[in-house]
Amino acid sequence: NERTYIMVKADGVQRGLIGNIIGRFEKRGFKLIALKLVHATPAHIEKHYEVWSGTPFFPGLIKFMTSGPVVAMVWQGLGAVETGRAMLGETNPLASAPGTIRGDFALDIDRTICHGSDSVENAEKEIKLWFPEGVVQ
Ligand code: ATP
């Protein structure tokens, strides 16, 4: 059964969107496997976004993602990775269709509300990074 790593980012938590986002994944039929509220360190966020290291927006991304807690989650179900991404919308919120998380709640590419793994391989990596203690099932 496919698993994906979904994270309500600092802006999503600050804006009170945790319940809305969890509700979307529950109603779609995915199963919640793990969940925790984390105030991450810069080193941890740097590891999560290591492919972006060296880009002009990297320092701002680290600052933003450590400005408050995030909600780290693992969701399981058919096509969890691809469907999870579809539910998020596009990387650029302006290009995201209404009905998606970003299409409903975001405008700015620096404040995109929620993260979802972009491949099965990255999902397993991200789950290990955020849940080193392991997940229940
Ligand atoms: P995420 O990985 O956060 O779910 P994504 O997979 O849709 O987002 P990526 O292309 O992986 O998008 O970008 C990772 C992060 O880097 C995003 O959080 C986004 O805010 C930031 N980012 C990407 N491109 C830009 C850009 N051109 N300017 C500013 N920030 C950017």
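For ligands, and for the atoms within them, numbers begin at 1 and follow the listed sequence.
Here is the list of ligand 1 atoms found below 4.0 Å of a heavy atom in Thr91: 5 (P), 7 (O), 10 (O), 12 (O). Of all the atoms in ligand 1, the ones that sit under 4.0 Å from a non-hydrogen atom of Gly116 are 4 (O). Counting the atoms of ligand 1 from 1 in the order shown, those under 4.0 Å from a heavy atom of Tyr49 are 1 (P), 2 (O), 3 (O), 14 (C), 15 (C), 18 (O).
Between Glu133 and Lys36 a salt bridge is recorded (basic side-chain N to carboxylate O distance below 4.0 Å). Taking 4.0 Å as the cut-off between side-chain N and carboxylate O, Glu124 and Arg3 count as a salt-bridged pair.
When the heavy atoms of Lys9, Met65, Arg111 are ranked by distance to atom 18 (O) of ligand 1, first place goes to Lys9. For atom 16 (O) of ligand 1, the nearest non-hydrogen atom from the set Phe57, Tyr5, Trp52 comes from Phe57. The residue among His48, Arg85, Met7, Glu126 with a heavy atom at the shortest distance from atom 6 (O) of ligand 1 is Arg85.
For ligand 1, the polar-atom distance check finds no N/O of Glu90 at less than 3.5 Å from any of the ligand's N/O atoms. At least one N or O atom of Arg102 sits closer than 3.5 Å to an N or O atom of ligand 1. Taking any N or O of Leu61, backbone or side chain, none lies under 3.5 Å from an N or O belonging to ligand 1.
The protein heavy atom nearest to atom 29 (C) of ligand 1 is Asp110 OD1, 3.0 Å. Of all protein heavy atoms, the one closest to atom 20 (O) of ligand 1 is Ile109 O, 2.6 Å. Among protein heavy atoms, the minimum distance from atom 1 (P) of ligand 1 is reached at His115 ND1, 3.1 Å.
In the model, Glu90 has no side-chain atom that pairs as donor or acceptor with a side-chain atom of Ser96 under 3.5 Å.
Closest heavy-atom contact between Thr100 and Ala86: CG2-O, 3.6 Å. Nearest approach of Asp108 to Pro93, heavy atoms of both residues: O-CG, 3.5 Å.
Using the six-membered ring where Trp is involved, Tyr5 and His115 have ring planes that are tilted, between 30° and 60° apart. The aromatic rings of His48 and Trp130 sit perpendicular, their planes meeting at an angle over 60°, well past the 30° parallel limit.
Aromatic ring centroids of Phe25 and Trp75 lie under 6.0 Å apart.
Relative to the ring axis of Phe64, Lys9 does not place its NZ or CZ within 45° and under 6.0 Å from the centre.
Put simply, no part of Phe64 is less than 4.0 Å from ligand 1, judged by heavy atoms.
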